[in-house]
Amino acid sequence: MRKRLFRLVALVCVVAALLPLLAACGGDAVTLITVNGIALKKSDMMLHLFTAKYAMYQESIEAGYMSFEDVYHLDEKTLSSEYSKGVSVRSYILQSATSSAISAMLYRAVAEEEGISLTKAEKASARQDVEDWINSLGGTAKYNTFLKENHVTENALYRYYCDMILGEKIQEEFGAYGKYEMTQEEKDSLYRDYLDSYYTVDYIYWSKRDTAVGLLLSDKEIAAKYSGAKECLSRLKAGEDFYTLRKEYSDEAYKTVTFCDGMVDELFGDTAMALRVNEFSNIVEDTENDCYYILHRIATTDEQWEKFYSSCVYSKFNAFMSDYGAKAEYVYKKAYTNLEFD
C-alpha cells in the first residue's frame, strides 16, 4: 500500500561516516544542508523526520495504539526520554532522518555525475506514489492535514519518491550489465565463498505431534516413532538408500535445505555442519520442535546462490555509496541547528 514512502532500507545508511560532521553547522533559513552543492530543503527534511518517527512507531500505529496525529506531534516527555544509553528519542529521530535525507542527496549527486535521470514513465510512477499515499491516508482532507502538520510540501513528497527511484537505478548499475557489475573473477571468488559457507542437507523426519491437528502424541505413540527412527538408522548403516527410506519413514516429504550459519536453528545447523558430504547423522531429538530426525549432508546446491549473490551486489553498492558519502562536501546551515519537529 505504501510502496516507497516507508522503504527506509532503500536509503543507504551513511550515518557512521557522517556523524562527525553533524556539529558543523552554519546559516541559511531555506536550505538546511548542502551535499556536494545539492540543497536539502527544510520541507524535504521534515518529510524524512516524519518517516523516521513513523518507522519508530509503526507497530503501535498498525495496532491502533497510536494515530498518525500522535506521530505528527510527539510530546516533550516522549522526545526527551532515553532511546538508548546516552541517546534521547529526539536525537535518535534527528540522526535517522538526517542520515536518510543525506542519502537521498547523495543519490541525486551520484545520478548527476553518472548521467542517470528519470524517464517520463518513472516520473509518472512517482506521481502515482503521491496519489497512493493520499488514498492510504484516507483522502485529500487528511492529506492536507499531513502536509500542514508536518510542514511538508507535495513537491517534497514527489522528490522523495523520485529519490527512491534514483537509488534503485544507481543500484541497478551494480547488477547484470551495469557499469559496476561484478567481474567474472569477483563472481568466481564469491562462488567459492558460497561453497565454503553454505551447507545442503536433506533429512528423514518423525514428528511427536499429530501432523493433521498438531496435538502431542501419547508416550506410547512417541516411543513407536523413536523405534521407527532406530530401525531406519540401522537400515541406513546397513547401506540402504537414504531416499528410499525417507519415502518409507518420513512423516513429511521435505526438500533439501541449503543454509549458512545462523539461518537455521542451532541444533539442526550444528549437526549438519559436523557432517561430511554424503554422511548421515545419528538420530537427533529436537525437544523444542517435538521431533526426531536424521540428517544427510550432500554437496552444496545452488539453492541459495542467487540470494547470496544479490546480497553481495547490494553490499558493493552500499560500499560505493558509503565511500562516496565519506568524500562528499557537507555544509550545515543554521536552520538545521534550529530545526524543530515536535
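Values reported hereafter were calculated over all heavy atoms of this structure, with side chains retained and with hydrogens, waters and symmetry mates removed.
Partners of Y198 according to the ring-ring contact (aromatic ring centres under 6.0 Å, His included) rule, which considers only residues two or more places apart in sequence or in another chain, are Y194, F308. For the ring-ring contact (aromatic ring centres under 6.0 Å, His included) test, no residue two or more places apart in sequence or in another chain qualifies with Y57. The ring-ring contact (aromatic ring centres under 6.0 Å, His included) check on Y180 picks up F174, F320, with sequence neighbours excluded. The side-chain contact (heavy atoms from CB on, under 4.5 Å) check on Q184 picks up K187, D188, with sequence neighbours excluded. Remark: D270 pairs with E266, M273 by the side-chain contact (heavy atoms from CB on, under 4.5 Å) rule, at least two apart or across chains. Residues passing the side-chain hydrogen bond (donor to acceptor under 3.5 Å, both in side chains) test with S60: none are found, sequence neighbours excluded. Residues meeting the side-chain contact (heavy atoms from CB on, under 4.5 Å) test with S189, sequence neighbours left out: R192, D193. A search for ring-ring contact (aromatic ring centres under 6.0 Å, His included) contacts involving Y324 returns nothing, not counting sequence neighbours. Taking the side-chain contact (heavy atoms from CB on, under 4.5 Å) definition, one finds that A229 meets it with W206, I283, sequence neighbours left out.
Sorted by first then second residue, the salt bridge (charged side-chain N to carboxylate O under 4.0 Å, His left out) pairs that include residues 296-305, not counting sequence neighbours, number zero. Legend: salt bridge (charged side-chain N to carboxylate O under 4.0 Å, His left out) pairs involving residues 238-247, not counting sequence neighbours, sorted by first then second residue: R235-E240.
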Cut-off 3.5 Å, no hydrogens considered: what does the side-chain donor-acceptor table look like for residues 213-223, sequence neighbours left out?
{"unit_1": "S218", "atom_1": "OG", "unit_2": "E221", "atom_2": "N", "d": "3.2"}
{"unit_1": "S218", "atom_1": "OG", "unit_2": "E221", "atom_2": "OE1", "d": "3.1"}
{"unit_1": "E221", "atom_1": "OE1", "unit_2": "S218", "atom_2": "N", "d": "2.9"}

